[in-house]
Chemist: 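Supplied in structure tokens, the structure appears directly below.
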Amino acid sequence: MPNLSQGKNLLFILLVILFQSCGKKVSIPPVEAVVVSDTIVVKDTTLLVEKKPDIVQVQPVEEEPKVATEDLNFNYLKAKSKVLWKTNSNSDTYTVDIRMKKDSLIWMNISVSMITGATGLFTKERVQFFHKINNEYFNLTYDSLSTKMGFKVTYEILQSLIVGNQPFKKNHSRVIRENENYILKQDEGRIQIDNYVGPNRKLKKLLVNDGPTENKLTLDYEDFAAINQFLFPFSSQITLDVKDKDNKLVKTLISIKYSKVELLETPLEFPFKVPAKYLKK
């Protein structure tokens, strides 16, 4: 059985995951503005002379397109996926089950050959991860997880990435048109984000660049299909370029394919048990 190393455990938290609208560019056609001069009266005659209006050509004004992505809306989500993990030195395949309660809980079960290897539980405050094979338990804040990952991680970001929603919606975006797509360029502190939005108003690609460290994350969404009238990306590919503690660039490729996704109204169970001995300080 392939070994689930600590680095992979933590990376799965961010990356066992699977951004959205295409507003039309609005152009105002050229218009003619008319400037009328004052009427001039010639005093020594009874002739009234009016100066003809000056015609001023006003250049067309192009408004910045308003792009709003279309979010996946749900109360509960249940999904099963296959994950291929590949580095320069090795590759492994895992089955990952995901359950979510919107804005509240994310549960993951990672298995190999139908044997559970690890389970993770994410609340809005903390991340808990139990590695059953290696008998390791992690209880992390999002700040400490972000440090280990090399990128900022929050519950809201994880939830958005899993369902294919744009993570930083409240952040002011600079909009660029590229062929049939729009690019929403954002700055989140030291992080630069490019959101590629397709004609279907869903996120097609996400580029995240941490300026100081030069760590990069690229996420491509594919195979969109309708679930309860919402589009969901059934395939995605994540490319990570992250420097290790020796400042050496490490490239990791993660391919995710969902075999089943359900959007539910009925509450789900989130089974997460940790032996008492691991909970003792």
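Only heavy atoms go into these numbers, but all of them, side chains included; no hydrogens, no water, no symmetry mates. Here the structure is a predicted model, which means the values were calculated and not measured.
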Chemist: Under a 4.5 Å side-chain heavy-atom rule over Ile, Leu, Val, Met, Phe, Trp and Tyr, are V250 and L240 clustered together?
Modeler: no
Chemist: Are the side chains of V197 and L184 in touch, meaning some heavy atoms are under 4.5 Å apart?
Modeler: yes
Chemist: Yes or no on side chain to side chain contact (heavy atoms under 4.5 Å, CB included) for N90 and D92, after CA distance, side-chain angles and deciding distance?
Modeler: CA-CA 7 Å; N90 68 338; D92 294 318; 3.7 Å; yes
Chemist: Going through the distances and angles, do L219 and L207 end up as a side chain to side chain contact (heavy atoms under 4.5 Å, CB included)?
Modeler: CA-CA 7 Å; L219 197 161; L207 302 179; over 6 Å; no
Chemist: Rounded to the nearest 0.5 Å, how far does CD1 of I193 lie from CG of L206?
Modeler: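 Between L206 CG and I193 CD1, I get 7.5 Å after rounding to 0.5 Å.
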Chemist: Check whether Q186 reaches the backbone of F168 with its side chain - one donor and one acceptor, N or O, closer than 3.5 Å.
Modeler: yes
Chemist: Determine whether a donor-acceptor pair (N or O, by modelled atom type, separation under 3.5 Å) exists between the side chain of T147 and the backbone of D143.
Modeler: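 Such a contact is found between T147 side chain and D143 backbone.
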Chemist: State, with a plain yes or no, whether a side-chain heavy atom of F130 is found less than 4.5 Å away from one of F272.
Modeler: yes
Chemist: Side-chain contact, heavy-atom cut-off 4.5 Å: T119 with K132?
Modeler: yes
Chemist: Taking all non-hydrogen atoms of both residues into account, name the closest pair between L77 and L268 and its distance.
Modeler: O-CD1, 3.4 Å
Chemist: Which value, rounded to the nearest 0.5 Å, describes the distance between R190 atom CZ and N209 atom CG?
Modeler: 10.5 Å
Chemist: Whether the side chain of Y137 engages the backbone of P275 through a donor-acceptor N/O pair (distance < 3.5 Å, no angle test) should be reported.
Modeler: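 Not a single qualifying donor-acceptor pair exists.
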Chemist: Taking the side chain as C-beta and beyond, is there a heavy-atom pair between L105 and W107 under 4.5 Å?
Modeler: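 L105 vs W107: side chains apart.
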Chemist: Is the backbone of D103 close enough, under 3.5 Å, to the side chain of Q159 for a donor and an acceptor to pair up by distance?
Modeler: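 Flag set: sc Q159 to bb D103 pair under 3.5 Å.
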Chemist: What pairs with E156 under side-chain hydrogen bond (donor to acceptor under 3.5 Å, both in side chains), at least two apart in sequence or on another chain?
Modeler: K124
Chemist: I'd like to know if the side chain of S81 reaches the main chain of V96, judged simply by a donor and an acceptor atom lying under 3.5 Å from each other, with no hydrogens or angles considered.
Modeler: yes
Chemist: So which atom in P233 and which in G164 form the shortest heavy-atom distance, rounded to 0.1 Å?
Modeler: CG-CA, 4.4 Å
Chemist: Looking only at atom types and distance, does a side-chain atom of S104 sit under 3.5 Å from a main-chain N or O of K101, one as donor and one as acceptor?
Modeler: no
Chemist: Would you mind reporting whether K216 and D210 have side-chain heavy atoms less than 4.5 Å apart?
Modeler: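 In short, these two side chains do not touch, never coming nearer than 4.5 Å.
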Chemist: From I162 CD1 over to L158 CG, what is the distance, rounded to the nearest 0.5 angstrom?
Modeler: 6.0 Å
Chemist: Linking I/L/V/M/F/W/Y whenever their side-chain heavy atoms sit closer than 4.5 Å, directly or via other members, would L121 and Y278 fall into one cluster?
Modeler: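 Yes, same cluster.
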Chemist: Could you go through Y221 and L231, starting from their C-alpha distance and side-chain angles, then the distance that decides it, and tell me whether this counts as side chain to side chain contact (heavy atoms under 4.5 Å, CB included)?
Modeler: CA-CA 11 Å; Y221 292 111; L231 288 177; over 6 Å; no
Chemist: Taking C-beta and beyond as the side chain, do D223 and K257 meet within less than 4.5 Å on heavy atoms?
Modeler: yes
Chemist: Supply the atom-to-atom distance F122 CZ to M100 CE, rounded to the nearest 0.5 angstrom.
Modeler: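 Atom-to-atom, F122:CZ and M100:CE are 10.0 Å apart.
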Chemist: Mark yes or no for whether D71, through its side chain, and N73, through its backbone, hold a donor-acceptor pair below 3.5 Å.
Modeler: no
Chemist: Does either side chain, that of N165 or that of S160, offer a donor lying less than 3.5 Å from an acceptor on the other one?
Modeler: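 Distance-only check fails for N165 and S160.
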Chemist: Using the rule given for side chain to side chain contact (heavy atoms under 4.5 Å, CB included), can you reason through F129 versus V274, listing the C-alpha separation, both sets of side-chain angles and the distance that settles it, and then say yes or no?
Modeler: CA-CA 9 Å; F129 200 86; V274 179; over 6 Å; no
Chemist: Give the minimum heavy-atom separation between N181 and G198, together with the two atoms involved.
Modeler: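 Where N181 meets G198 most closely, the heavy atoms are OD1-CA, 3.4 Å.
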Chemist: Just wondering, do T252 and K86 contact through their side chains at under 4.5 Å, heavy atoms?
Modeler: no
Chemist: Whether the side chain of R177 engages the backbone of N179 through a donor-acceptor N/O pair (distance < 3.5 Å, no angle test) should be reported.
Modeler: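 Pair found, side chain donor or acceptor close to backbone of N179.
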Chemist: Do Q237 and D220 pair up side chain to side chain, a donor and an acceptor below 3.5 Å, judged on atom types alone?
Modeler: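 On atom types as modelled, these side chains do not qualify, holding no pair under 3.5 Å.
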Chemist: Which of these passes side-chain contact (heavy atoms from CB on, under 4.5 Å) with W85: I256, L253, I254?
Modeler: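 One option only clears the test, and that one is I254.
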Chemist: Taking side-chain hydrogen bond (donor to acceptor under 3.5 Å, both in side chains) as the test, write out the residues that go with E214, two or more places apart.
Modeler: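 E214 satisfies side-chain hydrogen bond (donor to acceptor under 3.5 Å, both in side chains) with K243 only.
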Chemist: Decide whether a cation-pi geometry holds between R99 and F270; the criteria are a distance under 6.0 Å from NZ or CZ to the six-membered ring centre and an angle within 45° of the ring axis.
Modeler: no
Chemist: Any donor-acceptor pair under 3.5 Å linking the side chain of S146 with the backbone of V153?
Modeler: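 Present.
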Chemist: Any non-hydrogen side-chain atom of I191 less than 4.5 Å from a side-chain atom of V208?
Modeler: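 I191 reaches V208 side chain to side chain.
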Chemist: Is there a donor in the side chain of Y196 and an acceptor in the side chain of D194, or the other way round, less than 3.5 Å apart?
Modeler: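 Absent: no donor and acceptor within the cut-off.
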Chemist: Can you give me the closest heavy-atom contact between N215 and V242, atom names plus distance?
Modeler: OD1-CA, 3.4 Å
Chemist: Quick one: does any side-chain atom of K202 pair with a main-chain N or O of E70 as donor and acceptor, under 3.5 Å?
Modeler: yes
Chemist: Are K251 and T87 close enough that a side-chain donor and a side-chain acceptor fall under 3.5 Å?
Modeler: no
Chemist: How long is the gap from CD on Q166 to CD1 on I157, to the nearest 0.5 Å?
Modeler: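 CD1 of I157 is found 12.0 Å from CD of Q166.
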Chemist: Nearest 0.5 angstrom please: K205 NZ to S236 OG, how far?
Modeler: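 Answer for the NZ-OG pair, K205 versus S236, is 12.0 Å.
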Chemist: Looking at the rings of Y76 and F74, which for Trp means the six-membered one, are their centres under 6.0 Å apart?
Modeler: no
Chemist: Taking the ring centre of each residue, are Y142 and Y155 less than 6.0 Å apart?
Modeler: no
